[in-house]
Amino acid sequence: MVSNTEFKYDLGVVGLGYVGLPLAVEAATSSLKVLGFDINSERVEMINNGHSPIEDISNEELSQSHKNFHSTIESKELSQCRNIVISVPTPLTDYQPDLSYVINAAKTVGENLVKNQVVILESTTYPGTTVEVLIPNLEKMSGLKAGEDFFVGYSPERIDPGNEVWKFKNTPKVISGINNVSTEKIQSFYESIIDETVLVKGTKEAEMVKLLENTYRHVNIALINELAMLCKMLDIDIWEVVNAAKTKPFGFESFKPGPGVGGHCIPVDPEYLSFKTRQIGKPVRFVELAQEINNSMPLYVVNQVNEILNKNKIILNSSKILLMGVAYKKDISDMRESPAIDIAELLLDKEVDISYYDPYVEEFKVSGHIIDREVDTNSFEDYDMLLVLTPHSKFSQLEFNNLKTIIFDTTGSDFIKSTERI
Ligand SMILES: NC(=O)c1ccc[n+]([C@@H]2O[C@H](COP(=O)([O-])OP(=O)(O)OC[C@H]3O[C@@H](n4cnc5c(N)ncnc54)[C@H](O)[C@@H]3O)[C@@H](O)[C@H]2O)c1
């Protein structure tokens, strides 16, 4: 254990992904000295060479931050950081929360921990993780005492990849600490890089904030997906209904139906909540129902595809379908948990000839098959159907109007003149 009050870096970021990298770049741009630490040496090399691995940070922004930002795979350098933020993945493995990345990161930080450092967890997780998992690992590896020798807190990340309005700096940040000193230090750190902080009374509450935000989205998406399926049976245009309902200026937030939920957050985070409540013997009934409905959407879409082709006298297993947009959300390349994967699997099972068109995704692999990538926008008419799964903004530059091909838009985008909608 080393004692160190003169730190070379104001901030160390552990995990340079969709969450960690924007934080590191924002802090460096705000003149803080920043160290990035990641176990992925290729990623570290890319970042140090000014090549951004994520769409939200341009190569120019990354290069401009280099005066104050250096990345490494050498964990020893973490002892030189006044504040350390951990932003490593928290996925599901076998449908269970997998905290192995957080535990490994905590051990690495713990091995290099010195007195007076501040450690903040930003990974999304179940309430209790900071106190029950992070702190014991930090204390065990360092021999130091949390709250006395070093300071700890939790702050959920609200980054929304691809969002041009709400970025890291102007999105209010919820913060918490395990005691007053920790909270004060954490607040003063975030206030140096973010416009507004929102203090909550403890780490459990801060951890729960993130789960509430994403469970709320998950449940409301499920509600609108269920209504979309029912409206189809009742011959009611769900889009007409949603668009009219959202003109109500109070008491209603609009959600759109779609082919399913994807990404690292919406399908995953409610599982973290259920995991925690099962410990007290209680299910979160809303979450279970929402999961059932949202998980059924890929099959619903494939059944709709079959019906639409049938209507047009085309047989599903001899059809050619182009999947338009396979990333889990628009304007990014992230494929994690994308419903396009399930839909492609179901179509492959039915021996449909599928290709994909996605300006952001270079390779689309499904159950070991590499799906053909269409790059020629003049060949759209070679397909029986364009199946829109993710409405990338770049699609608005494509000419859909005079196409004879069936366009089935599962996303309700306003710039695609579809023949069919979910
Ligand atoms: N992506 C989002 O939109 C988003 C939004 C809010 C919150 N979150 C949460 O933030 C956390 C991180 O997500 P992400 O999307 O940035 O993940 P990511 O996969 O994009 O990046 C994680 C990075 O952590 C690195 N890493 C893994 N183990 C490590 C270790 N032991 N030490 C150092 N680096 C390590 C990986 O190599 C990777 O570069 C997750 O808990 C996620 O749920 C993500």
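Numbering of ligands and ligand atoms starts at 1, following listing order. This chain uses plain numbering: 1 for the first residue, then up along the sequence.
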Inset, instruction - For S182 and N179, test the side chains for any donor-to-acceptor distance below 3.5 angstrom and give the result as yes or no. - result: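 Yes.
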Legend entry - S355 versus E374, side-chain donor and acceptor atoms under 3.5 Å: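 Looking only at side-chain atoms, S355 and E374 do not form any donor-acceptor pair under 3.5 Å.
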Legend entry - Ring-face cation contact, F395 with K330, 6.0 Å cut, 45° max: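 Geometry flag: not set, cation outside 6.0 Å or 45°.
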List ligand 1 atoms under 4.0 Å from [X], heavy atoms only on the residue side.
X	answer
P161	3 (O)
N40	37 (O)
V14	32 (N), 33 (C)
T90	40 (C), 41 (O), 43 (O)
A105	31 (N)
R43	39 (O)

Inset, instruction - Report the part of S123 (side chain from C-beta onward, or backbone N, CA, C, O) that has a heavy atom under 4.0 Å from ligand 1; answer both or neither where that applies. - result: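 S123 to ligand 1: contacts from backbone and side chain alike.
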Legend entry - Mode of P156 contact toward ligand 1 - side chain, backbone, both, neither (heavy atoms, under 4.0 Å):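 Near ligand 1, P156 shows nothing, with every heavy atom at 4.0 Å or more.
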Inset, instruction - Apply side-chain hydrogen bond (donor to acceptor under 3.5 Å, both in side chains) to S123 and list each qualifying residue two or more places apart in sequence or on a separate chain. - result: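 For S123 there are no side-chain hydrogen bond (donor to acceptor under 3.5 Å, both in side chains) partners, ignoring immediate neighbours.
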Inset, instruction - Please report which non-hydrogen protein atom sits nearest to atom 28 (N) of ligand 1, along with the residue it belongs to and the distance in Å to one decimal place. - result: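 For atom 28 (N) of ligand 1, the nearest protein heavy atom is I39 CD1, 3.4 Å.
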Legend entry - Closest protein heavy atom to atom 44 (C) of ligand 1, given as residue, atom name and distance to 0.1 Å: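 For atom 44 (C) of ligand 1, the nearest protein heavy atom comes out as V19 CG2, 3.4 Å.
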Inset, instruction - Inspect the contact between K173 and E157 and indicate whether a charged nitrogen and a carboxylate oxygen are less than 4.0 angstrom apart. - result: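 A salt bridge is present here (some side-chain N lies under 4.0 Å from a carboxylate O).
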Legend entry - D237/R421 ion pair, N-O < 4.0 Å: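 The answer is no: the pair does not qualify as a salt bridge.
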Inset, instruction - Could you check which of R336, R158, E213, H264 puts a non-hydrogen atom nearest to atom 19 (O) of ligand 1? - result: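 Looking at heavy atoms only, R336 sits closest to atom 19 (O) of ligand 1.
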Inset, instruction - Pick whichever of V88, L23, L16 has a heavy atom sitting closest to atom 26 (N) of ligand 1. - result: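 The residue whose heavy atom sits nearest atom 26 (N) of ligand 1 is V88.
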Inset, instruction - Would you list the pairs meeting salt bridge (Lys or Arg N to Asp or Glu O under 4.0 Å) in which at least one residue belongs to residues 192-211, sequence neighbours left out? - result: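 Listed once each, the pairs are K169-D195.
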Inset, instruction - Answer yes or no for T108: is there a heavy-atom contact with ligand 1 below 4.0 Å? - result: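 Not so, T108 does not reach ligand 1.
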Inset, instruction - Evaluate the ring planes of Y357 and F380, with Trp represented by its six-membered ring, and classify them as parallel (under 30°), tilted (30 to 60°) or perpendicular (over 60°). - result: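 Correct class here is perpendicular.
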